[in-house]
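Predicted, not measured: the structure shown is a model, and the values here were computed from it. Below, read A as the first sequence line, B as the second, and so on, with proteins coming before strands; counting in each chain starts at 1.
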There are 2 protein chains.
Amino acid sequence: MIDDDRVFKALADPTRRALLDRLFVRDGQTLTELESGVEMTRFGVMKHLRVLEEAGLVVTRRQGREKLHFLNPVPIRQIHDRWIDKYTEVRAAALLDLKAELERDRPEENQ
Amino acid sequence: MIDDDRVFKALADPTRRALLDRLFVRDGQTLTELESGVEMTRFGVMKHLRVLEEAGLVVTRRQGREKLHFLNPVPIRQIHDRWIDKYTEVRAAALLDLKAELERDRPEENQ
DNA sequence: TTGACATGTGACCTTTTGGTCACCTATCTT
DNA sequence: AAGATAGGTGACCAAAAGGTCACATGTCAA
């Protein structure tokens with residue numbers, strides 16, 4: 001797992017997550033289309049899309065003077081497989097119990 | 001979903017992911033224990049643990065003068081549920097097909 | 001072939017993040 | 001009580017990330 005760092009860093013920005021959301025609603029959008037609906041100039045959006053593409057979360061295809069952007073959920077699935085394999089159900093249950101216990105002791109300090 | 005941002009930002013740093021890994025191997029470690037094994041001063045580790053705790057990825061419990069750190073996989077599960085619900089299997093399959101198609105056209109441009 | 005359109009690049013600035021350190025408090029042990 | 005141990009705070013600095021802009025290239029359509 002060599003570039004999980006790129007994927008995590010790409011997902012760390014809210015604008016980029018919003019772009020992924022928009023691509024999920026309608027796949028294959030151009031830069032100009034994605035630009036509208038984000039409070040940012042074209043250049044900012046372009047940078048974000050580049051980060052997403054380099055992380056493998058977005059795949060692109062040129063079509064004439066347009067560049068179509070497609071969502072690629074595979075890296076997200078890979079992350080999932082990594083963590084959920086490790087932090088198993090049993091462990092999750094145990095920690096949920098601990099969390100409940102902590103909240104009984106100090107209810108105001110936890111969400 | 002109000003503080004998904006904190007969770008994603010917390011996961012964006014490789015040191016913090018390493019700390020989660022260490023906690024997975026052995027849960028309930030103290031700051032001093034976690035400090036050894038990371039190329040960083042105690043203060044850096046403390047900051048990272050604080051970020052993880054504020055994101056809800058780590059839960060702590062004071063025991064005398066020690067502070068025990070426990071892994072909380074729940075936020076990761078929540079992220080998983082969020083994305084995998086949206087980017088479904090069908091979609092993943094379709095995009096993997098697209099990716100394969102793109103790699104047939106321009107093999108050198110994709111990993 | 002000219003003008004409009006879609007995207008790309010590099011320089012630049014501001015904000016955020018990562019990391020260290022001096023100093024401080026709390027707790028244990030004897 | 002005193003030294004050792006575990007953790008905490010605030011200031012500080014360097015590096016990275018986010019965002020904008022002037023300018024440039026490639027493509028379409030009349």
A:V45 versus A:E35, closest heavy-atom pair with distance: CG2-CA, 4.1 Å
Sugar-phosphate only, base, or nothing, as touched by B:G64 at under 4.0 Å among non-hydrogen atoms: sugar-phosphate
Atom-to-atom span, CE of A:M46 to P of D:dA24 - whole angstrom: 16 Å
Any donor-acceptor N or O pair under 3.5 Å, side chains A:E66, A:T30: no
Rounded interatomic separation in angstrom, taking CZ from A:R50 and P from D:dT20: 18 Å
All side-chain hydrogen bond (donor to acceptor under 3.5 Å, both in side chains) counterparts of A:H48, not counting sequence neighbours: A:R16
Options C:dT7, D:dA22, D:dT9, nucleotide nearest the side-chain atoms of A:K67: C:dT7
Residues from residues 29-41 of chain B lying under 4.0 Å of DNA chain C - heavy atoms: B:M40, B:T41
Check: A:L31 and A:K67 side chains under 4.5 Å, non-hydrogen atoms: no
A:H48 side chain near D:dA17 phosphate (N/O to OP1/OP2, under 4.0 Å): no
A:L11 side chain reached by A:L52 side chain, heavy atoms, under 4.5 Å: no
Side chain A:R65 and base C:dG8 donor-acceptor under 3.5 Å: no
Salt-bridge contact A:R26-A:E33 (side-chain N to carboxylate O under 4.0 Å): yes
Spacing between A:R61 atom CZ and C:dT7 atom C1', to the nearest angstrom: 17 Å
C:dA26 OP1/OP2 closer than 4.0 Å to side-chain N/O of B:R62: no
5′-ward residue of the pair A:V51/B:E66 relative to DNA chain D: B:E66
Spacing between B:D13 atom CG and C:dG19 atom P, to the nearest angstrom: 6 Å
Distance-only donor-acceptor test (3.5 Å): side chain A:R42, base D:dG19: no
Check: B:K47 side chain, C:dG19 base, donor-acceptor under 3.5 Å: yes
5'-most by nearest nucleotide on DNA chain D - A:Q63 or A:T15: A:T15
Touch class at under 4.0 angstrom, heavy-atom based, for B:K9 against every strand present: sugar-phosphate
Atom pair distance, as rounded to whole Å: CG in A:D5 and P in D:dA16: 12 Å
Student check: side-chain heavy atoms of B:L57 and B:V51 closer than 4.5 Å: no
Interatomic distance, A:L49 CG vs C:dT9 P [rounded to whole Å]: 13 Å
